[in-house]
There are 2 protein chains.
Amino acid sequence: MTVMARAATTSDVFNAIAEPRRREILVLLRTGERPVAQLAQQLGMPQPGASKHLRVLREVGLVQDRKSGKQRLYGLDARGLRRVHEWTGGFEQFWNEGFDRLDEYVQDLKQARQAD
Amino acid sequence: MTVMARAATTSDVFNAIAEPRRREILVLLRTGERPVAQLAQQLGMPQPGASKHLRVLREVGLVQDRKSGKQRLYGLDARGLRRVHEWTGGFEQFWNEGFDRLDEYVQDLKQARQAD
DNA sequence: TTGACGCATACCCATATAGGTATATGATGA
DNA sequence: TCATCATATACCTATATGGGTATGCGTCAA
């Protein structure tokens, strides 16, 4: 009787990056590996919070981690973002080629609505 | 003291497209406007469900709607997806240029982990 | 005006978070 | 072995959903 409330963030890259903090983490990792504590500090959030977000990112494969002495360094593995980039890219024609037409179309919709 | 559980889907495009059904809707709308009932049918879900997803998409601006007689036609306005496309594009170098290096790096991480 | 049709909402539920705090785990160094 | 540092987890709370069902509302046709 599983009454799904929402797809688990851990199951999908789209969900993983839906959280602003996690997107911030990915951006921070673009410049290189970082230990959890440093990420937590840069995010301005408690360490446990950062660890939890990192866990989600790890489970969807957007980050990789390795131990380094007492620390655990997290590194970016952005390959999973490619899927999102390509999916959104599938709509590119709707914001480029057909922009004028689309804008006109949207204006029409707005007018039609105001006319109610 | 608002204890945010999660950013509202209605406030952000990233959240809006985190839901599979909503992504399906956007894909369906690529071929043109559609009345709610038809979308619900194609999604294989009750009409109220489709309406709710459409509402979220409307609130983040990914779809526009207009009345047409007794029906309400929903149309795609993919411009908001551009932001997502560009954000993910900011990581492109990590899955193209540096692929070999990255893959090697990931392998190292895995080995390091197995070596524990 | 009335009845049917197409949607949007109101509710009710169970679940999945995001956060914060306290605590268990692991690893390092004296 | 013991104290300490760096993380990961366990809990607990308030919310935000997604889904299903019943129902309100506006529009159109007879």
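A, B, ... follow the sequence lines: proteins, then strands. Residue 1 opens every chain.
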*Asks:* Taking only side-chain N and O atoms of B:Y74, does any of them lie within less than 4.0 angstrom of OP1 or OP2 on C:dG6?
*Replies:* no
*Asks:* Ignoring backbone atoms, test whether A:R55 places a side-chain nitrogen or oxygen under 4.0 Å from the OP1 or OP2 oxygen of D:dT9.
*Replies:* yes
*Asks:* Would you say the side-chain atoms of A:R21 pair up with the backbone N or O of A:L43, donor to acceptor, closer than 3.5 Å?
*Replies:* yes
*Asks:* Between C:dC7 atom C1' and B:R66 atom CZ, what is the distance in whole Å?
*Replies:* 16 Å
*Asks:* How would you list, by chain and number, every residue that makes a side-chain contact (heavy atoms from CB on, under 4.5 Å) with B:Q38, sequence neighbours excluded?
*Replies:* B:R34, B:P35, B:Q42
*Asks:* Which comes earlier along DNA chain D counting from the 5' end, the contact point of B:R21 or that of A:R34, where each point is its nearest nucleotide?
*Replies:* A:R34
*Asks:* Of the listed nucleotides (D:dA10, C:dA8, D:dT7), which one gets closest to any side-chain atom of B:S51?
*Replies:* C:dA8
*Asks:* Nearest whole Å is fine: how far is D:dA6 C1' from A:D65 CG?
*Replies:* 13 Å
*Asks:* Closest approach to the side chain of A:E19, judged atom by atom: which nucleotide of C:dA18, D:dG20, D:dT7 is it?
*Replies:* C:dA18
*Asks:* Starting from P on C:dT17, measure out to CZ on B:F14 and report it in whole angstrom.
*Replies:* 19 Å
*Asks:* Mind calculating the distance between NE2 (B:H53) and P (D:dA16) to the nearest angstrom?
*Replies:* 18 Å
*Asks:* Please report the distance, rounded to the nearest Å, between CD1 in B:I17 and P in D:dG18.
*Replies:* 14 Å
*Asks:* In whole angstrom, give the distance that lies between atom NZ of A:K52 and atom C1' of C:dA16.
*Replies:* 12 Å
*Asks:* Walk me through it: do A:V27 and A:R30 pass the test side chain to side chain contact (heavy atoms under 4.5 Å, CB included)?
*Replies:* CA-CA 5 Å; A:V27 170; A:R30 268 199 305 217; 3.7 Å; yes
*Asks:* Specify the separation, in whole Å, of atom CG of B:D12 and atom C1' of D:dT17.
*Replies:* 15 Å
*Asks:* May I have the step-by-step check of side chain to side chain contact (heavy atoms under 4.5 Å, CB included) for B:I25 and B:Y74, ending in yes or no?
*Replies:* CA-CA 10 Å; B:I25 290 177; B:Y74 277 90; over 6 Å; no
*Asks:* Can you tell me which nucleotide in C:dA18, C:dC7, C:dA8 comes closest to the side chain of B:R58?
*Replies:* C:dA8
*Asks:* Take atom CZ of A:R72 and atom P of C:dG26, then tell me their distance rounded to the nearest Å.
*Replies:* 11 Å
*Asks:* Given D:dT7, D:dG20, C:dG6, which nucleotide is nearest the side-chain atoms of A:Q71?
*Replies:* D:dT7
*Asks:* Could you work out which one of C:dG19, C:dA18, D:dG18 sits closest to the side chain of A:M45?
*Replies:* C:dG19
*Asks:* Any donor and acceptor pair, going by atom type alone, linking the side chain of A:R23 with main-chain N or O of A:I17 inside 3.5 Å?
*Replies:* yes
*Asks:* Treating primed atoms plus P, OP1 and OP2 as sugar-phosphate and everything else as base, which nucleotides of nucleotides 23-30 of chain D get B, S or - for protein heavy atoms under 4.0 Å?
*Replies:* ----BS--
*Asks:* Hey, are the side chains of A:L29 and A:L39 touching, using non-hydrogen atoms and a 4.5 Å cut-off?
*Replies:* yes
*Asks:* Side-chain contact test, heavy atoms from C-beta onward, threshold under 4.5 Å: evaluate it for A:W87 versus B:L81 and give yes or no.
*Replies:* yes
